[in-house]
Amino acid sequence: MSTLSVEMLAADAPAPITSAGHAQLGIAVLVGIAVIVLLISRLKLHAFLSLTIGSLVLGAVAGAPLDKAIASFSAGLGSTVAGVGVLIALGAILGRLLADSGGADQIVDTILARASRSSMPWAIVLIAGIIGLPLFFEVGIVLLIPVVLLVAKRGGHSLMRIGIPALAGLSVMHGLVPPHPGPLAAVDAIHADLGVTLALGALIAVPTAVIAGPLFSRYAARWVDIAPPEKLIPQRPSEELERRPGFAVTVGTVLLPVVLMLGKALVDVVVDDPKNHVQRVADVVGSPLIALLAAVLVGMVTLGRAAGFGRDRIAGTVEKSLGPIAGILLIVGAGGGFKQTLIDVGVGRMILDFSKDWSVSALLLAWLIAVGIRLATGSATVATISAAGLVAPLAAGMSTTHTALLVLAVGAGSLFFSHVNDAGFWMVKEYFGMSVGQTLKTWSLMETVISVVGLGFVMLLSLVV
């Protein structure tokens with residue numbers, strides 16, 4: 001808990017909350033979230049401003065002095081941006097290098113050239129999973145839409161048979177696997193080990209993407225059998241390039257930070273001696289900052305230079321990658337401020353007090369809270385950050401693996417049933433030329449499958465790790 005606590009709580013030893021206090025805090029949480037939902041969904045106010053206002057309303061209704069509420073929000077925003085802001089920026093740079101150099105297209109073309117008609121949905125989900133590691137969901141959609149439309153058209157496939165696996169691969173990575181903003185922020189809020197979370201997230205992501213992608217697409221294609229819209233097939237980024245980086249080096253560059261972070265987690269488990277030189281080196285090299293920074297520097301050569309980019313072009317690519325993430329950084333930071341306000345006014349302790357008498361698993365509770373916020377706000381990132389702040393106290397006393405599973409339960413809940421208040425819903429609808437009803441039957445149900453199946457695997461892993 002932050003030392004910037006409101007007067008109702010001591011900084012080091014929070015006082016027990018009375019029944020009246022519980023009621024007031026419960027009302028404060030509902031009012032704060034309702035304000036955020038109203039501002040985002042009805043008034044179309046930016047999520048950064050909505051979270052900022054909602055945090056102040058939460059503190060006021062909870063009885064905290066305004067200066068204390070502002071201090072809590074500012075502290076949470078600052079610590080969150082300090083913890084994950086650089087990582088999001090590095091991930092954005094790597095993703096832009098991958099896209100602009102033609103590396104993403106190289107991965108797509110190589111895998112598709114070796115895929116048969118029957119295996120095409122499986123190839124597409126593999127492509128989406130690899131490309132989705134360093135790319136934000138929206139960027140991944142823009143990159144893959146041309147491929148999905150062309151493959152569906154040339155192969156005579158139903159658009160949903162190819163489109164759903166692509167969306168599933170991207171969405172699973174977005175919700176469950178760092179270094180995406182939501183999982184990163186949840187790891188920071190719950191104080192989970194990033195390497196362990198990454199390993200378990202990847203373990204859950206693979207079967208979840210298979211079930212929600214190639215398998216679910218069989219039914220989605222029956223319910224919504226549409227052809228790819230001709231007018232929506234855009235130009236691919238690499239068509240203007242004279243050469244592109246090779247397949248193996250591109251995949252190696254994308255997976256480099258993953259390998260480094262997983263290597264650190266493995267060394268920590270095997271060696272478990274902070275004084276050991278191997279572990280100390282692994283801790284440095286496998287830290288998220290160094291792992292992503294190394295991938296970016298390597299990518300400038302293996303992706304940028306391989307595509308024929310000079311120094312100015314590479315510098316321009318880096319510069320262009322940072323502008324679009326400003327809004328994401330502000331949303332993530334404001335979410336951290338909202339989280340810290342929740343903690344400082346005593347909501348975390350209230351949930352602990354209540355959950356002692358419940359027979360509900362902490363993992364299931366985390367998922368349910370994230371589902372509720374996701375349905376209300378439409379934002380997976382807002383749902384992840386807010387839910388992580390609410391359930392962070394439940395991680396006290398948990399093992400490293402179960403703390404990581406708590407993060408993944410929140411991530412799975414944040415993907416539940418995307419509908420009309422989610423920007424991603426409208427992006428998918430327009431790109432695939434579907435009606436609202438068709439989008440609900442396909443995209444929204446696919447997101448629900450990911451959420452429920454992801455929770456199922458989280459619960460199963462909690463029994464064995």
Side-chain angles (χ1 to χ4, degrees), residues 98-99 103-135 137 139-177 180 199-228 233 236 246-248 250-252 254-255 258 412 415 428 431-432 434 441-454 456-457 460:
L98 179 67
D105 284 345
Q106 184 66 27
I107 292 174
V108 168
D109 293 342
T110 302
I111 294 177
L112 291 184
R114 290 164 173 74
S116 63
R117 175 181 171 83
S118 60
S119 65
M120 196 61 71
W122 300 86
I124 290 292
V125 76
L126 174 62
I127 291 168
I130 295 174
I131 291 179
L133 272 172
L135 293 177
F137 178 78
V139 178
I141 285 185
V142 172
L143 279 175
L144 282 183
I145 285 302
V147 177
V148 168
L149 297 180
L150 286 172
V151 168
K153 179 183 177 182
R154 294 174 182 175
H157 299 280
S158 166
L159 183 55
M160 290 299 100
R161 191 74 175 103
I162 303 300
I164 289 295
L167 295 173
L170 292 173
S171 184
V172 166
M173 292 296 166
H174 174 70
L176 298 178
V177 182
H180 287 279
L200 295 179
L203 187 62
I204 292 171
V206 172
T208 301
V210 167
I211 293 172
L215 298 183
F216 174 70
S217 69
R218 295 179 180 177
Y219 302 97
R222 296 175 189 172
W223 299 332
V224 179
D225 186 10
I226 57 175
I233 301 179
R236 300 177 66 188
F247 173 77
T250 301
V251 173
V254 170
L255 296 181
V258 177
L415 298 175
V428 171
Y431 268 127
F432 287 100
M434 294 188 291
K441 290 179 184 178
T442 53
W443 159 256
S444 299
L445 282 182
M446 182 209 75
E447 288 282 85
T448 304
V449 170
I450 292 174
S451 182
V452 173
V453 171
F457 283 118
L460 286 175

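Computed from a predicted structure; not experimentally measured. Sequence positions, counted from 1, serve as the residue numbers for this chain.
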- Query: Any donor and acceptor pair, going by atom type alone, linking the side chain of Ser171 with main-chain N or O of Leu167 inside 3.5 Å?
  - Reply: no
- Query: Between atom CD1 of Ile450 and atom CG of Leu445, what is the distance when rounded to the nearest 0.5 Å?
  - Reply: 11.5 Å
- Closest heavy-atom pair, Ala168 versus Ala209, reported as atoms and distance to 0.1 Å, is CB-O, 4.2 Å
- Task: Mark yes or no for whether Ser217, through its side chain, and Pro214, through its backbone, hold a donor-acceptor pair below 3.5 Å.
- Result: yes
- Indicate yes or no: at least one non-hydrogen side-chain atom of Met434 is less than 4.5 angstrom from one of Val428. yes
- Message: In the structure I gave you, are the side-chain heavy atoms of Leu215 and Trp122 within less than 4.5 Å of one another anywhere?
- Response: yes
- Query: Closest approach of Ser158 and Ala221, non-hydrogen atoms and distance?
  - Reply: OG-CB, 3.7 Å
- Message: Would you say that Ile124 contacts Ile111 through its side chain, given a criterion of any heavy-atom pair below 4.5 Å between the two side chains?
- Response: no
- Message: Treating Thr110 as the side-chain partner and Gln106 as the backbone partner, does any N or O pair qualify as donor plus acceptor under 3.5 Å?
- Response: yes
- Note on the structure: Scanning both residues in full, the closest heavy-atom pair of Pro207 with Phe457 reads CB-CZ, 3.6 Å
- List the atom of Val177, the atom of Ala205, and the distance in Å for their closest heavy-atom pair. CG2-CB, 4.0 Å
- Which heavy-atom pair separates Met120 from Val151 by the least distance, and what is that distance? CG-CG1, 3.5 Å
- Item | Plane angle bin for His174 and Phe137 - parallel if under 30°, tilted between 30 and 60°, otherwise perpendicular | tilted
- Query: Do Val125 and Val172 have side chains that get closer than 4.5 Å, going by heavy atoms?
  - Reply: no
- Query: CZ of Arg161 to CG of Asp225: how many Å apart, nearest 0.5 Å?
  - Reply: 12.0 Å
- Query: Can you check whether Asp109 reaches Phe247 side chain to side chain, under 4.5 Å on heavy atoms?
  - Reply: no
- Looking only at heavy atoms, the pair that brings Ala128 and Ala166 closest together is CB-O, 3.3 Å
- Query: Going by heavy atoms in the side chains, are Leu200 and Leu176 under 4.5 Å from each other?
  - Reply: no
- Side-chain contact test, heavy atoms from C-beta onward, threshold under 4.5 Å: evaluate it for Phe432 versus Thr442 and give yes or no. no
- Look up atom CG in Asp105 and atom CD1 in Ile127, then write down how far apart they are to the nearest 0.5 Å. 10.0 Å
- Query: Would a 4.5 Å heavy-atom cut-off, applied to side chains only, mark Arg222 and Met160 as touching?
  - Reply: no
